Asker: 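Please see the structure below; I have some questions.
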Amino acid sequence: MYRWGSVVLLVIVLLGCSQTDGRSADLPATSSPTEATETAEEPAPRPDLAPIEPRDEQHATMYAERLLQAVKDRDADSLIRLLANEESAILYDEKLAGEILRGFEANFAIDTLVVKIFDEGHAMSPEAGQFEFLFEDGGPPRAYSEETALVVRFSDGGVVHFHNAYLRYFPFAAPMAETYLGLIRKADAQGLAAFLNADDLDVPIRVAEETIRRYEEMFDLDKAQTKYEGGFRFAIEDGSGMTHVFEIIYGDGLMGIRDEFIPAF
């Protein structure tokens with residue numbers, strides 16, 4: 001039996017943000033930066049991160065196409081070079097780049113993927129050095145979302161920033177799903193409540209306990225595994241034929257879980 005959960009509770013987990021014009025948000029670094037010392041040498045400037053002028057549609061299109069080509073080539077190194085900059089809170093590495101490429105490959109026909117300027121986009125703001133594009137792969141029309149849109153933004157210093165859900169959030173989605181299942185499997189109500197807590201909203205232990213109880217009733221949790229379903233959706237299965245789907249939600253630098261097994265409170 002296949003079950004799709006309706007939304008009962010929207011749970012947000014703060015990962016940190018550095019928002020720009022309502023669309024772009026930075027997640028925390030995946031590892032702690034090395035502390036600087038007075039004798040430390042500054043790294044040599046990278047030509048690809050040099051200030052870019054002018055901040056116009058032509059240059060934005062050039063960078064959008066460079067990003068697209070890195071994705072089509074499955075080129076993690078080029079992707080890292082494009083995404084890494086001194087203003088980002090994410091330390092992009094081969095692992096994160098690999099997850100980004102996996103997200104694009106799973107959700108687009110990569111070989112036919114193109115980017116097109118989108119003048120009607122919510123984030124389109126040329127006067128602010130911000131330009132919006134749409135990913136299209138020749139398939140059926142897709143709903144406009146942060147998964148289909150690409151924002152290219154030039155900071156005041158000329159640094160190029162990219163925003164798309166698969167760039168910003170997808171590398172952290174599968175680990176989050178695994179953590180969620182792991183806490184349920186261990187019946188760790190306190191840990192699950194803490195995991196589901198937003199920075200300004202305490203999730204009661206009873207909510208976590210009830211969530212665990214619902215999963216225990218439906219699954220043999222010792223055999224349960226997560227299965228990627230596309231987009232930001234994941235299923236839990238245990239080999240018995242029962243399937244339950246939940247979703248990783250995101251926005252403004254935050255990520256969380258949407259699951260009908262989490263009771264309202």
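Treat the numbers as computed from the prediction; the structure is a model and nothing was measured. Keep in mind that the numbers below use all heavy atoms, side chains included, and drop hydrogens, waters and symmetry copies.
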Asker: Search all heavy atoms of L134 against all heavy atoms of A149 and return the closest pair with its distance.
Answerer: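 Taking every non-hydrogen atom into account, CD2-CA, 4.1 Å.
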Asker: Report the C-alpha distance between D77 and E94 in whole Å, list the side-chain angles of each, state the deciding distance to 0.1 Å, and finish with yes or no for side chain to side chain contact (heavy atoms under 4.5 Å, CB included).
Answerer: CA-CA 7 Å; D77 290 338; E94 288 189 9; 4.0 Å; yes
Asker: Can you tell me how far CD of E209 sits from CZ of R213, rounded to the nearest 0.5 angstrom?
Answerer: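 CD of E209 is found 11.0 Å from CZ of R213.
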Asker: Say whether, by atom type as modelled, one donor and one acceptor occur between the side chain of R168 and the main chain of F162 under 3.5 angstrom.
Answerer: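 Yes; at least one donor-acceptor contact below 3.5 Å.
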Asker: Does L82 belong to the same Ile/Leu/Val/Met/Phe/Trp/Tyr cluster as M62, with side-chain heavy atoms less than 4.5 Å apart forming each link?
Answerer: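 Linked within one cluster.
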Asker: Could you go through N85 and V160, starting from their C-alpha distance and side-chain angles, then the distance that decides it, and tell me whether this counts as side chain to side chain contact (heavy atoms under 4.5 Å, CB included)?
Answerer: CA-CA 8 Å; N85 64 70; V160 181; over 6 Å; no
Asker: Hey, does F170 have a side-chain heavy atom less than 4.5 Å from the side chain of N164?
Answerer: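 Answer no - side chains too far apart.
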Asker: Is the side chain of D238 donor-acceptor paired with the backbone N or O of L221 at a distance under 3.5 Å, no angle test?
Answerer: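 Checking the backbone N and O of L221 against the side chain of D238, no donor-acceptor pair under 3.5 Å is found.
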Asker: Is it true that, when you exclude E216 itself, more than 12 heavy atoms of the residues, nucleotides or ligands shown sit nearer than 6.0 Å to its CD?
Answerer: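 Yes, enclosed.
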Asker: Donor-acceptor pair, distance only, cut-off 3.5 Å: does the side chain of R185 make one with the backbone of A224?
Answerer: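 Looks like yes, one N/O pair under 3.5 Å.
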Asker: Taking atom CG of D93 and atom CD of E99, what is their separation to the nearest 0.5 Å?
Answerer: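 Reported value, rounded in 0.5 Å steps: 10.5 Å.
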Asker: Taking the basic N atoms (NZ, or NE/NH1/NH2) and the acidic carboxylate oxygens, is any pair closer than 4.0 Å for R214 and E210?
Answerer: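 Result for this pair is yes, salt bridge flagged.
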Asker: Would you find a donor on one side and an acceptor on the other, under 3.5 Å apart, between the side chain of E147 and the backbone of G231?
Answerer: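 Answer holds: no.
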Asker: Treating T148 as the side-chain partner and F135 as the backbone partner, does any N or O pair qualify as donor plus acceptor under 3.5 Å?
Answerer: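 No; zero donor-acceptor contacts below 3.5 Å.
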Asker: Give the C-alpha distance, both sets of side-chain angles, the deciding distance and a yes or no for salt bridge (charged side-chain N to carboxylate O under 4.0 Å, His left out) between R55 and D156.
Answerer: CA-CA 9 Å; R55 306 187 304 170; D156 291 338; 3.7 Å; yes
Asker: With side chains defined as the heavy atoms from C-beta onward, is the minimum distance between Y180 and D259 less than 4.5 Å?
Answerer: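 A side-chain contact exists here, since the closest heavy-atom pair is under 4.5 Å.
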Asker: Begin from the C-alpha positions of M176 and F195 and carry the test side chain to side chain contact (heavy atoms under 4.5 Å, CB included) through to its verdict.
Answerer: CA-CA 10 Å; M176 189 171 186; F195 175 74; 3.6 Å; yes
Asker: For a 4.5 angstrom cut-off between non-hydrogen side-chain atoms, does L96 reach L83?
Answerer: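 L96 vs L83: side chains apart.
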Asker: Kindly compute the distance separating CD1 (I236) from CE (M218), expressed to the nearest 0.5 Å.
Answerer: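 If we round to the nearest 0.5 Å, I236:CD1 and M218:CE are 9.5 Å apart.
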Asker: Nearest heavy-atom pair of A123 and V151: which atoms, and what distance?
Answerer: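 For A123 and V151, the tightest heavy-atom pair comes out as CB-CG2, 3.7 Å.
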Asker: To the nearest 0.5 Å, what is the distance between CZ on F118 and CE on M124?
Answerer: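 It comes to 10.0 Å.
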Asker: Does any part of the side chain of T211, heavy atoms only, come nearer than 4.5 Å to the side chain of P263, both counted from C-beta?
Answerer: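 The answer is yes, as the side chains (C-beta and beyond) meet within the 4.5 Å cut-off.
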Asker: Start with the C-alpha distance between E105 and R74, add both sets of side-chain angles, then the distance that settles salt bridge (charged side-chain N to carboxylate O under 4.0 Å, His left out), and finish with yes or no.
Answerer: CA-CA 9 Å; E105 286 188 292; R74 285 77 167 175; 3.0 Å; yes
Asker: Taking the six-membered ring for Trp and the single ring otherwise, decide whether the centroids of H122 and Y144 are under 6.0 Å apart.
Answerer: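 Yes, they do, as the ring centres are separated by less than 6.0 Å.
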Asker: Any non-hydrogen side-chain atom of H59 less than 4.5 Å from a side-chain atom of F131?
Answerer: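 No, every pair of side-chain atoms sits at 4.5 Å or beyond.
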Asker: Please report the shortest heavy-atom distance between Y92 and A84, naming the atom on each side.
Answerer: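 What the structure gives for the nearest pair is CD1-N, 4.4 Å.
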Asker: Dump the intermediate steps for side chain to side chain contact (heavy atoms under 4.5 Å, CB included) on L150 and L167, then the final yes or no.
Answerer: CA-CA 9 Å; L150 172 67; L167 301 176; 4.0 Å; yes
Asker: If hydrophobic clusters are built by linking Ile, Leu, Val, Met, Phe, Trp and Tyr wherever their side-chain heavy atoms come under 4.5 Å apart, do F265 and L196 end up in the same one?
Answerer: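 Per the 4.5 Å side-chain linkage, F265 and L196 are co-clustered.
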Asker: Decide yes or no on side-chain hydrogen bond (donor to acceptor under 3.5 Å, both in side chains) for H163 and E146, but give the supporting numbers first.
Answerer: CA-CA 8 Å; H163 180 79; E146 290 191 54; 2.5 Å; yes
Asker: Any idea which heavy atoms bring I100 and P171 closest together, and the distance?
Answerer: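 That closest heavy-atom pairing would be CG1-CG, 3.5 Å.
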Asker: Can you confirm whether V159 sits close enough to F154 that some side-chain heavy atom of one is under 4.5 Å from a side-chain heavy atom of the other?
Answerer: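 Side-chain contact under 4.5 Å: no.
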Asker: Which heavy atom in T243 sits nearest to a heavy atom in E237, and how many Å separate them?
Answerer: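 Scanning both residues completely, I find the closest heavy atoms to be OG1-OE2, 3.4 Å.
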Asker: Take S78 and R81 through the test side-chain hydrogen bond (donor to acceptor under 3.5 Å, both in side chains) and record every step on the way to the result.
Answerer: CA-CA 5 Å; S78 292; R81 286 194 295 271; 3.0 Å; yes
Asker: Taking C-beta and beyond as the side chain, do L67 and L79 meet within less than 4.5 Å on heavy atoms?
Answerer: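 Yes, close enough: below the 4.5 Å cut-off.
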Asker: To check you understand the geometry: which heavy-atom pair defines the closest contact between Y228 and R102, and what is its length?
Answerer: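 Smallest heavy-atom distance, with atoms named: CD2-NH1, 4.3 Å.
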Asker: Mind telling me whether Y166 and F104 have parallel, tilted or perpendicular rings, with 30° and 60° as the class edges?
Answerer: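 The rings of F104 and Y166 sit tilted, inter-plane angle from 30° to 60°.
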Asker: Do the non-hydrogen side-chain atoms of I248 and I257 ever get within less than 4.5 Å of each other?
Answerer: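 With C-beta onward as the side chain, the pair touches.
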Asker: Using the ring centroid of each side chain, check whether Y215 and F261 are separated by less than 6.0 Å.
Answerer: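 Yes.
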Asker: Roughly how far apart are T61 OG1 and L68 CG, rounded to 0.5 Å?
Answerer: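 So the OG1 of T61 and the CG of L68 are separated by 12.0 Å.
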Asker: Output the distance between atom CG (D202) and atom CG (N197), rounded to the nearest 0.5 Å.
Answerer: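 That separation rounds to 5.0 Å.
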Asker: Establish, yes or no, whether a centroid distance under 6.0 Å links the rings of Y250 and F232.
Answerer: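 Judged by ring-centre distance (under 6.0 Å), Y250 and F232 do meet the cut-off.
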Asker: Can any side-chain N or O of E247 pair as donor or acceptor with the backbone N or O of R258 at less than 3.5 Å?
Answerer: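 Judged by distance alone, no pair lies under 3.5 Å.
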